Number of protein chains: 2
Amino acid sequence: MQTLSIGELSELSGVANQAIRFYEKEKLMPAPQRTEANYRRYPMDAVARLQFIVHAKQWGFTLDEIRELLILQDANGDRAQAKRIAEEKLHKIREQIKHLSRIEAVLSRTLAECTGEGPMQEGCPIVEAIAGQEE
Amino acid sequence: MQTLSIGELSELSGVANQAIRFYEKEKLMPAPQRTEANYRRYPMDAVARLQFIVHAKQWGFTLDEIRELLILQDANGDRAQAKRIAEEKLHKIREQIKHLSRIEAVLSRTLAECTGEGPMQEGCPIVEAIAGQEE
DNA sequence: GATAACCTTAAAGTCAACTATAAGGTCAAG
DNA sequence: CTTGACCTTATAGTTGACTTTAAGGTTATC
């Protein structure tokens, strides 16, 4: 079976060498076999594992959460737990969207009111909106 | 005119002493007067300034951006510049909402498909969705 | 006059997720 | 047999917004 050096794995996955070593230290990537000269040698499926990590990051999962998912996979664990992790993430994402939407609403309303003319003192709508908001 | 110690200002504003000193170092709060014993003494309106900072942070402004706004206010500067800062922020917020909404859509669709039953190996929809997505 | 509750500074630590640097070992090409 | 491209480890630096720690000075109270 063909194996990969860390540089080759980096090329194929688009993840920097140092990041790969970092993931190993953080237990996201398993420690690979070594050559006589102590060089890392990865199996081909290491590429897919790295890409899983990259994608999960794009989805907003933290490395801690990704590690949980990977441990479940490695242990051939319970699908219900993976679902729970994803549900928590979905909940957090919806909260973030809500928070940002509230800000978006107030800020765009404020900007619509603001001509952008005149000096700051006495009643710049932007400053007043920030200063005067409650929550 | 009544003045405040840093502890009193902290109480009234809800901002920790060390954070207040940090804002001073970062030029968000002006250096206040000192007593003979070198204790800081704040004017009452320091409370409002701190609350402006807190609110702006809640809106997602960074300290750099808040400093810009405060400098504009202090200099009684151009309202157009404040508007520009707010417009940039609004743009960034809308980008974030778009990004999160895409994730939300895929994740909620995936979760709807997932019964949460069975083992991880071979076809857990969550894992497959993360592993197989393009972008 | 001692104890506690304040205040002062400077420097280091925190979190996440790496990146960069230093100091060296290995391997293929010419 | 040397040059350069790769690999190794450990340690330090990055960003943002602080918090924590250390080591001390001041003020109010008993």
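Note that these values count all heavy atoms, side chains included, but never hydrogens, waters or copies made by symmetry. These numbers were taken from a predicted model, which means no experiment stands behind them.
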Self-check item: Nucleotide-resolved protein contact map, nucleotides 15-25 of chain C, B/S/- at heavy-atom distance under 4.0 Å
Solution: --BBSBB---B
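- Rounding to whole angstrom units, CD of residue B:E36 and C1' of D:dG25 are separated by 15 Å.
- The separation between B:L50 atom CG and D:dA17 atom P is 15 Å, rounded to whole Å.
- A salt bridge is absent between B:R109 and B:E113; no separation between the charged side-chain nitrogens and carboxylate oxygens falls under 4.0 Å.
- The side-chain heavy atoms of B:R49 and B:Y23, taken from C-beta on, include no pair separated by under 4.5 Å.
- Across its full length, the helix from C:dG1-D:dC30 to C:dG30-D:dC1 shows an angle of 30° between the axes of its 5 terminal pairs at either end, rounded to 10 degrees.
- Going from atom CG of B:N38 over to atom P of C:dC7 covers 13 Å, rounded to whole Å.
- A heavy-atom distance below 4.5 Å is found between the side chains of A:S5 and A:R41.
- Looking at A:Q73 and B:C124, their side chains never come closer than 4.5 Å, going by heavy atoms from C-beta outward.
- Cluster membership for A:L63 and A:I71, using ILVMFWY side-chain heavy atoms within less than 4.5 angstrom, is not shared.
- Although no hydrogens or angles enter the test, the distance criterion places a donor-acceptor pair under 3.5 Å between the side chain of B:S10 and the main chain of B:V15.
- Other residues, nucleotides and ligands contribute over 12 non-hydrogen atoms within 6.0 Å of the CD atom of A:E26.
- In this structure, A:L9 places its CG atom 14 Å from C1' of D:dC7, rounding to the nearest Å.
- Of the side-chain N and O atoms in B:R34, one or more sit less than 4.0 angstrom from OP1 or OP2 of C:dT9.
- Contact between the side-chain N/O atoms of A:N17 and the OP1/OP2 oxygens of D:dC7 is found at a separation under 4.0 Å.
- For A:S5, a side-chain nitrogen or oxygen approaches OP1 or OP2 of D:dC7 to under 4.0 Å.
- Atom CD of A:E88 has more than 12 neighbouring heavy atoms from other residues, nucleotides or ligands inside a 6.0 Å radius.
- Remark: P of C:dC7 and CD of B:E24 are 14 Å apart, rounded to the nearest angstrom.
- Going from atom CZ of A:R21 over to atom C1' of D:dA12 covers 16 Å, rounded to whole Å.
- Atoms CD1 (B:I6) and C1' (C:dT9) sit 12 Å apart, rounded to a whole Å.
- Taking the charged nitrogens against the carboxylate oxygens, B:K98 and B:E95 do have a contact shorter than 4.0 Å, which makes a salt bridge.
- Summarising the geometry, the separation between CZ on A:R41 and P on C:dC27 is reported as 11 Å, rounded to the nearest angstrom.
- Using a 4.0 Å cut-off, no side-chain N or O of A:R40 falls inside it from OP1 or OP2 of D:dC6.
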